[in-house]
Amino acid sequence: MESFEKRKRRLKSILSLLNKNYPSAHCALNFKNPLELLVATQLSAQCTDKRVNLVTKTLFKKYKTAKDYAKASLSELEKEVQSTGFFRNKARNLKKSCEILEKSYKGQVPKNFEKLTQLAGVGRKTAHVVMGNAFQIPSGVVVDTHVKRLSNRMGLVNTENVHQIEKELEKLVPKNKWIIFSHWLIEHGRTLCAARKPLCSLCFLYKRCPRNKISSKIQ
């Protein structure tokens, strides 16, 4: 694996190309406020953003506040989120999270990473998503399946450990790019760099990708 400095220099070029090719990259989950993003992100675990957006289109019309979720019938909430998978756990965590929001934060989603991770079912990834996209605060790099796959393929990291990937990327990527970086990689993963059949012949990062045994020297 390349040295840290070589990876950082190569990444500078990669960031420029990602920005050029995905200028409108953004969070694919539909939301209008921090609570909606928190709910959508929790539902997105092991589920596509497209499916989540279909579910929340109806869900957000019925549940508008943390109090609404906190007082909701668990069995009814389970039915409403069933198509997202793992619906019993998701419904239970949504209800518990919103009970905490009502009790401790006056029904508001806290603008604090540590407090977010104390909510039911909220891990580091979900907390980073909310901090970055609802509050525009770069608390860390979101590492989803696309970011995990591409950061390894590009030779930026060499580990399957999500937490380690997060920490490595936070050293390599400028902090002011932490939020958009994940969106860029997710967009690239969906558009060209798929898991099974990456479209390498069409990829604008081809010359900078060690996967293809191409020199990583910046041209």
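Starting from 1, each residue takes its place in the sequence as its number.
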Taking atom [atom1] of [X] and atom [atom2] of [Y], what is their separation to the nearest 0.5 Å?
X: Lys12; Y: Leu172; atom1: NZ; atom2: CG; answer: 14.0 Å
X: Gln108; Y: Leu101; atom1: CD; atom2: CG; answer: 8.5 Å
X: Lys61; Y: Lys64; atom1: NZ; atom2: NZ; answer: 8.5 Å
X: Leu77; Y: Cys98; atom1: CG; atom2: SG; answer: 9.0 Å
X: Leu116; Y: Leu38; atom1: CG; atom2: CG; answer: 7.0 Å
X: Thr191; Y: Asn21; atom1: OG1; atom2: CG; answer: 9.5 Å

Please evaluate residues Glu168 and Arg7 with respect to the criterion side chain to side chain contact (heavy atoms under 4.5 Å, CB included), reporting the C-alpha separation (whole Å), side-chain torsions for both, the decisive distance (0.1 Å), and the verdict. CA-CA 11 Å; Glu168 285 292 313; Arg7 281 179 287 150; 3.6 Å; yes
Go through the steps to decide whether Arg190 and Ile186 satisfy the test side chain to side chain contact (heavy atoms under 4.5 Å, CB included), and finish with yes or no. CA-CA 6 Å; Arg190 289 172 174 164; Ile186 291 169; 3.6 Å; yes
Taking the side chain as everything from C-beta on, heavy atoms only, tell me whether [X] gets closer than 4.5 Å to [Y].
X: Cys27; Y: Leu37; result: yes
X: Thr84; Y: Ser44; result: no
X: Phe204; Y: His188; result: yes
X: Ile180; Y: His183; result: yes
X: Leu169; Y: Trp178; result: no
X: Pro138; Y: Asn176; result: no
X: Tyr63; Y: Leu35; result: no
X: Val141; Y: His128; result: no

Which atom of [X] lies closest to which atom of [Y], heavy atoms considered:
X: Leu192; Y: Tyr22; answer: CD1-OH, 4.0 Å
X: Phe135; Y: Val109; answer: CZ-O, 3.6 Å
X: Ser139; Y: Phe113; answer: OG-CD1, 3.8 Å
X: Cys193; Y: Arg153; answer: SG-NH1, 3.1 Å
X: Lys90; Y: Gln42; answer: CE-O, 3.9 Å
X: Ser97; Y: Ala120; answer: OG-O, 2.8 Å

Carefully, step by step, assess Arg124 and Thr117 under the rule side chain to side chain donor-acceptor pair (under 3.5 Å). CA-CA 6 Å; Arg124 297 181 63 83; Thr117 58; over 6 Å; no
Any donor-acceptor pair under 3.5 Å from [X] side chain to [Y] backbone:
X: Asn89; Y: Phe86; value: no
X: Glu36; Y: Lys32; value: yes
X: Asp49; Y: Asn30; value: no
X: Thr56; Y: Leu59; value: no

Between [Y] and [X], is the closest basic N to carboxylate O distance under 4.0 Å?
X: Lys96; Y: Glu99; result: no
X: Lys62; Y: Glu80; result: yes
X: Glu160; Y: Arg149; result: no

For Met131, which of Ile137, Asn112, Thr126, Ile179 qualifies under side-chain contact (heavy atoms from CB on, under 4.5 Å)? Ile137
Do you know which of Val157, Asn161, Val142, Val143 makes side-chain contact (heavy atoms from CB on, under 4.5 Å) with Glu166? Val143
Do [X] and [Y] belong together in a cluster built from hydrophobic side chains that touch within less than 4.5 Å?
X: Leu185; Y: Leu205; result: yes
X: Leu202; Y: Met154; result: yes
X: Ile14; Y: Leu199; result: yes
X: Phe4; Y: Leu11; result: yes
X: Val81; Y: Val129; result: yes

Would you say that more than 12 heavy atoms from the other residues, nucleotides or ligands in this model lie under 6.0 Å from the CD of Gln136, or not? yes
Should we count NZ of Lys95 as having more than 12 external heavy atoms under 6.0 Å? yes
Go through the steps for Glu170 and Lys167 under the test salt bridge (Lys or Arg N to Asp or Glu O under 4.0 Å), then give the verdict. CA-CA 5 Å; Glu170 286 170 7; Lys167 293 305 171 188; 3.6 Å; yes
Just by distance, with hydrogens left out, do Ser16 and Asn19 show a side-chain donor and acceptor under 3.5 Å apart? no
